[in-house]
Amino acid sequence: MIRASQYLIATLKETPTDAEVVSHQLMVRAGLIRKLATGLYTWLPAGLRVLHKVTAVVREEMNRAGAMEVSMPVVQSADLWIESGRWDKMGPELLRFVDRHDRDFCLGPTHEEVITDLIRNELSSYRQLPANFYQIQTKFRDERRPRFGVMRAREFLMKDAYSFHTSEDSLQQTYDQMHATYCRIFERLGLEFRPVLADSGNIGGSMSHEFHVLADSGEDEIVFSSDSPYAANIEMATGQLVDLDFSSGETKKPKASAVDTPEAHSIEDVSSSLGIEARRLVKTMVVKGELSEANPSGLVALVIRGDQSINPIKAEKHPLVASPFTLAQDEEIVAALHCKPGSIGPIDLSIPVLADESVLSMVNFVCGANKDGQHLIDANWGSDCRYDSSTDMRKVQEGDISPDGQGSLQIKRGIEVGHIFQLGTKYSEAMNAKVLDENGKSVTMIMGCYGIGVSRIVASCIEQSHDDNGIIWPDIIAPFHIAVIPMNAHKSEAVVELSESLAKQLTEAGYEVLLDDRDKKTSAGVKFADMELMGIPHRIVVSDRGIEQNVLEYKSRSAQDNEMIPTDDILRFLSENIRLG
RNA sequence: CGGGGCAUAGCGCAGCCUGGUAGCGCACCACACUGGGGGUGUGGGGGUCGUAGGUUCAAAUCCUGCUGUCCCGACCA
């Protein structure tokens, strides 16, 4: 039992100005966290209890899946990062520093290098595989823009796991098992979530899934089909246009004609000034490409249907396009193409032209004329325009047909709380992590890695579960299960006695009880408000009134009204209404 | 990394324009009242006005540098 009078109930009536999203506001107001500096937070007692609850669920499920818990240092020596090649590859988000001996170190944003180093020394036989190691550890990433409280903090708590294998099959098995484990974890935590196909980013590897908690404040867009299991991050989502072939039946005009479009530089301008639908236009964007002898300007033209947009993550995967995706400067464009952006089209361009699939079947379209203030109408591939190669680099839109042909695509916002990767041999090869196989032959281990943003889960849970009065925790991660509030304790000895014995009884029954015994200056209204703000899921009020009738007054945080429960019946009632599993 | 805003008590803010002994609300402490939804009154404690420099008889206030912090942007040709 915890006594509120002896506990830090750090609630705030006013909303701090620097908190933008509701979870951040409520975490500060409910006294769960305090900011130390940008992206750095102290967890206060009540907040830490929640964090530990999440940790416990994650640990339990990882153990159930046969993973072994370890704990690796937060501080890592540069040697390992140089060995993997990431010391130079990682940008400023890797926080580097030197020790007193002038040796380079960094704060671990992730632990592939450390675990690979450990395992190459500790494991030597295929018989020790597969093996899966995890830790729940503080990470540090010097984010370019930390925000939303612990949602995107620089220092945060993460569960990361790394598995080792001698075959792709074995990796796939563990990967599938982790996928299922993650689903179970997020289900137990009461989160509404979706696993989606993902881009593997700079961690490297092939197969990858993200787990997103659905929330309007999410920083990612996720795409999923109305009628099939297809789900993907928008960064890599594909879809089919509903009206892809809308013009393909038309008779091709033999020759395009130029028209003056002096004030029209955007698709919208051109479309409205010519009175032609945007989907009949071909949009040309010029981006940085790979420098070569064949392409001394280092620019590439990307063409896409006028009503569609380019997905830079997809585009930069094409060998012709430089990564990161960067638009060319106006001056560079004029220098290379002798034409301002706004009137460019895929006609006799001196730079490579990469076409999105959306334009391939277009007929009699409009595009820039490569002369300032002019566009072509009734242009066609072959006769008027050309492209060098085509690819899918379109950002999918809501309503597109699912790539498996079943259903239409919907887009929602999500908070990434989990990410699993098949790394392959990226790290084990660079760091020479090998074991002997059954033939006594040395083989490079195949790896997978699996992350969960533990502190981020706390915030995302609040995003999904709150009301005007504050947080509404699911029982399993609430800082306390039950708040016991004595009414007029300073006047009634009976209320004090019953509150104390009740709190004791509930504690013995295995519940975590917060007894709000704060002094008489703390009015009932304040106690109610604080307990609700903190999101404690079950409340029991002890009053003289109730004692007379031999009942306790129960209220669920998520319900509107009180219920009167016979005092003798309270344990049975709670056991039916509290889910700790 | 680019643009903008802000920095005065633990929190939220006013004062700055027009320089002259630092203020309000919440929170905190004491006492009294009140006592089922952030109650009332009286009295109190708490500030190198982010920092360094400059202007001035005099700077929270005007000027400059620095730091911190928040927001916006970083594909639409």
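All values derive from a computational prediction rather than experimental measurement. Note on naming: letters A, B, ... go to the chains in the order of the sequence lines (proteins, then strands), and numbering restarts at 1 for each one.
Between A:Thr38 and A:Pro16, the one whose closest nucleotide on RNA chain B sits nearer the 5' end is A:Pro16.
Taking the six-membered ring for Trp and thresholds of 30 and 60 degrees, A:Tyr387 and A:Trp381 have ring planes more than 60 degrees apart, a perpendicular arrangement.
Straight-line distance between the C1' atoms of B:G12 and B:A7: roughly 14 Å, to the nearest whole Å. Atom P of B:G23 sits at a distance of 15 Å from the matching atom of B:C16, rounded to the whole Å. B:U8 and B:A14: their C1' atoms are spaced 10 Å apart (whole Å). Rounded to whole Å, the P atom of B:A60 lies 27 Å from the corresponding atom of B:C70. Across B:C66 and B:A59, the matching P atoms stand 24 Å from one another, rounded to whole Å. Between B:C72 and B:C28, the distance separating the two P atoms is 33 Å to the nearest Å. Using P as the reference atom, B:C1 and B:C11 are 28 Å apart when rounded to the nearest Å. Between the C1' atoms of B:A27 and B:G39, the separation comes to 16 Å (whole Å).
Listed candidates were B:G35, B:C75, B:G38. Nearest to the side chain of A:His490 is B:G35. Considering only side-chain atoms of A:Met285, the nucleotide from B:G25, B:C75, B:C71 that sits closest is B:C75. For A:Arg147, the listed nucleotide lying nearest its side chain is B:C72; candidates were B:C72, B:A77, B:G38. Residue A:Glu14 has its side chain nearest to B:G12 when only B:U69, B:G12, B:C71 are considered. Side chain of A:Ile267, nearest nucleotide from B:A27, B:A77, B:G12: B:A77. Checking B:C13, B:G37, B:A77 against the side-chain heavy atoms of A:Phe528 singles out B:G37 as nearest.
Of the residues in residues 361-397 of chain A, those placing a heavy atom less than 4.0 Å from an atom of RNA chain B are A:Lys395, in numerical order.
Nucleotide B:A22 forms a pair with no other nucleotide shown, judged by Watson-Crick or G-U wobble geometry with both contacts under 3.5 Å. With a cut-off of 3.5 Å on both Watson-Crick or G-U wobble distances, the partner of B:C33 is given as B:G39. Across all strands shown, the partner of B:G68 is B:C6, judged by Watson-Crick or G-U wobble contacts whose two distances both fall under 3.5 Å. Across the strands present, B:A27 finds no partner; the criterion is a Watson-Crick or G-U wobble pair with both atom distances under 3.5 angstrom. Taking a pair to require two hydrogen-bonding distances under 3.5 Å in either a Watson-Crick or a G-U wobble arrangement, B:A77 remains unpaired.
Among the heavy atoms of the strands lying under 4.0 Å from A:Lys35 are primed sugar atoms or P, OP1, OP2 only; no base atom is included. Residue A:Asn311 is classed as having no contact, given no heavy-atom separation below 4.0 Å to the nucleic acid. Here A:Ile310 lies in heavy-atom contact (under 4.0 Å) with a base. At the heavy-atom level, A:Ala328 lies under 4.0 Å from base atoms of the strands shown. In this structure, A:Leu12 reaches neither bases nor backbone, as no heavy-atom distance under 4.0 Å exists between it and the strands shown. When heavy atoms are screened at a 4.0 angstrom cut-off, A:Ser523 is found touching no nucleic acid atom at all. Using a 4.0 Å heavy-atom criterion, one finds that A:Ser343 contacts no nucleic acid atom at all. Contact annotation for A:Glu532: base contact, defined as any heavy-atom pair under 4.0 Å involving a base atom. A:Lys520 comes within 4.0 angstrom of a nucleotide base, judged by non-hydrogen atoms across all strands. Using a 4.0 Å heavy-atom criterion, one finds that A:Ile333 contacts the bases of the nucleic acid, with or without backbone contacts as well.
Remark: A:Glu563 does not engage A:Lys555 in a salt bridge, criterion side-chain N to carboxylate O under 4.0 Å.
For A:Arg539 against B:G37, a side-chain-to-base donor-acceptor contact under 3.5 Å is present.
With values rounded to the nearest 0.5 angstrom, A:Ser390 atom OG is found 8.0 Å from A:His318 atom NE2. Rounding to the nearest 0.5 angstrom, the gap separating the CD1 atom in A:Ile267 from the CD atom in A:Glu277 is 13.0 Å.
Within the structure, ring-ring contact (aromatic ring centres under 6.0 Å, His included) pairs that include any residue of residues 537-564 of chain A comprise A:His538-A:Tyr554, A:Tyr554-A:Phe573 (at least two apart or interchain).
Screening A:Asp517, A:Asp519, A:Asp516 for a salt bridge (charged side-chain N to carboxylate O under 4.0 Å, His left out) involving A:Arg3 leaves a single residue, A:Asp517.
The side chain to side chain contact (heavy atoms under 4.5 Å, CB included) search around A:Lys371 returns A:Gln374, not counting sequence neighbours.
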Stepwise side chain to side chain donor-acceptor pair (under 3.5 Å) check, A:Asp392 with A:Thr238: CA-CA 8 Å; A:Asp392 171 25; A:Thr238 57; 5.0 Å; no

Residues A:Lys395, A:Glu221; criterion salt bridge (Lys or Arg N to Asp or Glu O under 4.0 Å); working and verdict: CA-CA 11 Å; A:Lys395 180 176 174 180; A:Glu221 285 183 284; 3.5 Å; yes

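The phosphate of B:A77 (OP1 or OP2) has no side-chain N or O of A:Thr284 nearer than 4.0 angstrom.
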